[in-house]
Amino acid sequence: MHLEEVAKRIIKNFPRNHKEKDPFKVLITTVLSQRSKDENTEIAANRLFEKYPTPQTLLKAKEEDLYELIKPAGLYRQKAKRIIEISKIIVNKFSGKVPDTLEELLTLPGVGRKTANIVLYVSFSKPALAVDTHVHRISNRLGWCKTKNPNETEFALMKLLPKDLWGPINGSMVKFGKNVCLPRNPKCDICPIYDYCKWEGKK
DNA sequence: AAAACGGGGGC
DNA sequence: GCCCCAGTTTT
């Protein structure tokens with residue numbers, strides 16, 4: 001089976017729907033999600049947006065006030081500082097709109113390639129690969145690439161897959177990574193692409 | 001390339 | 001206590 005067909009099978013088996021598309025909420029939620037579990041991220045994001053739904057409202061927020069709201073996501077001091085700073089830059093430099101290019105997004109504090117690419121794909125429907133540890137690990141396990149870090153994986157996957165698959169395969173791989181292709185004890189017995197995996201460690 | 005950053009929650 | 005968690009920044 002061709003690599004592209006395997007990718008499509010992953011996408012079919014682990015579909016990912018992004019309900020929220022508002023660029024500001026996607027951006028801030030993704031910053032909150034860094035080094036944090038989904039459930040806790042969601043609690044933090046809901047509490048934050050209930051009080052501060054836009055960058056304009058966040059301009060007046062006190063850092064200490066954000067601590068309590070976003071605490072469940074962890075690293076709350078650092079994140080509170082970044083969220084306020086991001087809001088300032090968006091309002092003052094980008095006329096209140098989240099920028100829609102990789103270069104501009106990367107100028108925001110706490111926004112790296114992974115976070116920027118999520119915004120590009122989810123909110124602006126642009127082809128983008130947000131390569132995190134899951135996508136990195138799985139791409140290498142499958143034998144799609146031999147890369148040292150997520151950055152290299154991003155460029156490897158861009159060459160391997162057509163643009164219209166970048167966003168979908170990314171999200172689906174994360175889901176796959178959390179449900180089946182786990183870092184430590186992968187559930188190879190229920191893996192839908194077991195036959196196409198070149199990993200020596202597979203069981 | 002590696003270390004620092006710096007916290008909640010589960011076990 | 002120790003580990004993981006859709007990372008980013010600094011050294």
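- As a whole-Å value, the separation of A:Asp38 CG from C:dG7 C1' is 14 Å.
- For the P atom pair drawn from C:dA6 and B:dA4, the interatomic distance equals 24 Å after rounding to whole Å.
- Taking 4.0 angstrom as the limit, A:Thr133 places none of its side-chain polar atoms (N or O) nearer than this to OP1 or OP2 of C:dC5.
- The hydrophobic clustering, which links ILVMFWY residues whose side-chain heavy atoms are closer than 4.5 Å, places A:Val131 and A:Val111 apart.
- Atom CE of A:Met1 and atom NZ of A:Lys8 lie 11.0 Å apart (nearest 0.5 Å).
- In terms of phosphate contacts, A:Thr115 brings a side-chain nitrogen or oxygen within less than 4.0 Å of OP1 or OP2 of C:dT8.
- Here the separation of B:dC5 from C:dC5, taken at their C1' atoms, is 15 Å to the nearest Å.
- Atom NZ in A:Lys79 sits roughly 9 Å away from atom P in C:dG7 (whole-Å rounding).
- Checked by atom type, the side-chain pair A:Glu104/A:Thr107 shows no donor-acceptor distance below 3.5 Å.
- Under a 4.5 Å side-chain heavy-atom cut-off, the cluster of Ile, Leu, Val, Met, Phe, Trp and Tyr residues that includes A:Val91 is completed by A:Leu59.
- The NZ-P distance, from A:Lys148 to B:dA1, rounds to 9 Å in whole Å.
- Rounded to whole Å, atom P of C:dT8 lies 11 Å from atom CG of A:Leu27.
- For the residue pair A:Ala116 and A:Leu105, the shortest heavy atom distance occurs at O-CD1, 3.6 Å.
- We find that CG of A:Asn170 is positioned 14 Å from C1' of C:dG7, with the value rounded to whole Å.
- Checked against side chain to side chain contact (heavy atoms under 4.5 Å, CB included), A:Lys198 has no partners two or more places apart in sequence or in another chain.
- Residue A:His18 is in base contact, counting any heavy-atom pair closer than 4.0 Å across all strands shown.
- Within the 4.0 angstrom heavy-atom criterion, no nucleotide atom of any strand lies near A:Asn149.
- Cation-pi geometry between A:Lys25 and A:Phe49 is met: the NZ or CZ atom falls under 6.0 Å from the ring centre, inside 45° of the normal.
- Using a 4.5 Å cut-off between side-chain heavy atoms of Ile, Leu, Val, Met, Phe, Trp and Tyr, with links allowed through other members, A:Ile138 and A:Ile118 fall into different hydrophobic clusters.
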query = How does DNA chain B read in dot-bracket, base by base from 5' to 3', with Watson-Crick or G-U pairs under 3.5 Å and | used when the partner is on another strand?
reply = |||||.|||||

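- A:Arg16 contributes a side-chain N or O that forms a donor-acceptor pair with the base of C:dA6 under 3.5 Å.
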Between the protein and nucleotides 9-11 of chain C, list every N/O to N/O distance that falls short of 3.5 Å.
from	atom 1	to	atom 2	distance (Å)
C:dT9	OP1	A:Gly110	N	2.7

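- Among residues at least two apart or in separate chains, ring pair (Phe, Tyr, Trp, His ring centres under 6.0 Å) pairs with a member in residues 168-203 of chain A are A:Phe14-A:Phe176.
- Judged purely by distance below 3.5 Å, without hydrogens or angles, the side chains of A:Ser139 and A:Thr153 never pair a donor atom with an acceptor atom.
- Straight-line distance from the CG atom of A:Asn185 to the P atom of C:dC4: 11 Å, rounded to whole Å.
- Taking hydrophobic clusters as Ile, Leu, Val, Met, Phe, Trp and Tyr residues chained together by side-chain heavy-atom distances below 4.5 Å, A:Leu120 does not share a cluster with A:Phe155.
- Rounded to an integer number of Å, the gap from A:Arg137 CZ to C:dG7 P is 11 Å.
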key: Reading 5' to 3' through nucleotides 6-11 of chain B, protein heavy-atom contacts under 4.0 Å coded B for base, S for sugar-phosphate only, - for none   = BBSS--

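- As a whole-Å value, the separation of A:Ile138 CD1 from C:dA6 P is 12 Å.
- In the model, A:Thr54 has a side-chain atom that pairs as donor or acceptor with a side-chain atom of A:Thr57 under 3.5 Å.
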